[in-house]
S.K.: 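What follows is a structure written as C-alpha cells; I'll ask about it next.
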Amino acid sequence: MGRLFLVNLEGKMYSCKHCSTHLALPEDIISRSFHCKHGKAYLFNKVVNVTVGAKEDRMMMTGLHTVVDIFCVGCGSILGWKYEAAHEKNQKYKEGKFILERFKVAGPSGNYYWTSTDAHVAGSDPDDA
C-alpha cells in the first residue's frame, strides 16, 4: 500500500464520523433537502478525501441515475455516492455532484446526526421532488 496523502480543509467542515478525515466545506453544499435510507443527505458541489466504487444504475425517486459509491480514504467507510449521469433532463444538475449521508459524517461543529425510526427508506432525492 502506498503513502496516503490527505487534503486538509480550513475552518468549519464536514468530516468522517469514524476517523475524522476532512470531507467537505459548508459553502460547497448545494442542497440540504435530500434523503437516503438513514435519513437526511446533503448534495455537495465538491468533496475531498474519498475514493469511488464501480458505476451502477440506480432507480431513485426522481428517476434513473448512474452513480458510484464514495468511500472515506482514511477508514474505508461508505459515505454516500456521486452522480455520474442523470437520465432525466431535469436531473442533469446532479451530474458530477456528491451526496454525503448526514448519518455518516460529523457536522461543522463536530455534532453527529442521529437517524430517527421514521427515516425515509425510498432513496435519495429532494423533499420537494
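If you're wondering where the values come from, they're calculated on a predicted model, not measured in any experiment.
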S.K.: Looking at every heavy atom in both E88 and T62, which two are closest together, and how far apart are they?
M.R.: CG-O, 3.7 Å

S.K.: What pairs of donor and acceptor atoms, side-chain ones from residues 43-52 against any protein atom, are under 3.5 angstrom apart with sequence neighbours left out?
M.R.:
| from | atom 1 | to | atom 2 | distance (Å) |
| --- | --- | --- | --- | --- |
| N49 | OD1 | V7 | N | 2.8 |
| N49 | ND2 | V7 | O | 2.7 |
| N49 | ND2 | H22 | O | 2.8 |

S.K.: Distance-only, no hydrogens or angles: does the K92 side chain make a donor-acceptor pair with backbone N or O of A86 under 3.5 Å?
M.R.: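 Side chain of K92 to backbone of A86, a donor-acceptor pair under 3.5 Å: yes, one is there.
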
S.K.: Return the minimal non-hydrogen interatomic distance between P26 and K12, and the atom names on each side.
M.R.: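 Taking P26 first and K12 second, the nearest heavy atoms are CD-O, 3.2 Å.
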
S.K.: Run the numbers on V73 and F5 for side-chain contact (heavy atoms from CB on, under 4.5 Å), then give the verdict.
M.R.: CA-CA 9 Å; V73 297; F5 291 95; over 6 Å; no

S.K.: Partners of E84 by side chain to side chain donor-acceptor pair (under 3.5 Å), sequence neighbours excluded?
M.R.: none

S.K.: Which pair of non-hydrogen atoms, one from L79 and one from C16, has the smallest distance, and what is that distance?
M.R.: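 Looking at all heavy atoms of both residues, the closest pair is CD2-SG, 4.4 Å.
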
S.K.: Restricting to non-hydrogen atoms, name the atom on G53 and the atom on F71 that form the minimum distance, rounded to 0.1 Å.
M.R.: N-CE1, 3.8 Å

S.K.: Locate the shortest heavy-atom distance separating L64 from M59; write the atom from each residue and the value.
M.R.: N-SD, 3.7 Å

S.K.: Quick check for you: to the nearest 0.5 Å, what is the distance between I70 atom CD1 and I99 atom CD1?
M.R.: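 Separation between the atoms: 8.5 Å.
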
S.K.: I78 and V67: same hydrophobic cluster, using ILVMFWY side-chain contacts below 4.5 Å?
M.R.: no

S.K.: Kindly confirm or rule out a cation-pi arrangement of K17 over F103, judged by NZ or CZ under 6.0 Å from the six-membered ring centre and within 45° of its axis?
M.R.: yes

S.K.: Could you walk me through whether F34 and M60 pass the side-chain contact (heavy atoms from CB on, under 4.5 Å) check?
M.R.: CA-CA 11 Å; F34 281 66; M60 297 187 180; over 6 Å; no

S.K.: Which residue pairs pass the salt bridge (Lys or Arg N to Asp or Glu O under 4.0 Å) test with at least one member in residues 60-70, sequence neighbours excluded?
M.R.: R58-D69

S.K.: Do you know the tightest heavy-atom contact between S33 and S31?
M.R.: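 Looking at all heavy atoms of both residues, the closest pair is OG-OG, 2.9 Å.
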
S.K.: Rounded to the nearest 0.5 Å, what's the gap from NZ on K55 to NZ on K82? Could you check?
M.R.: 9.0 Å

S.K.: Does H65 reach the main-chain N or O of G63 with its side chain, forming a donor-acceptor pair under 3.5 Å?
M.R.: yes

S.K.: So Y42 and V105, do their side chains get closer than 4.5 Å, heavy atoms only?
M.R.: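 They are not in side-chain contact.
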
S.K.: Between atom NE2 of H18 and atom SG of C75, what is the distance when rounded to the nearest 0.5 Å?
M.R.: 6.0 Å

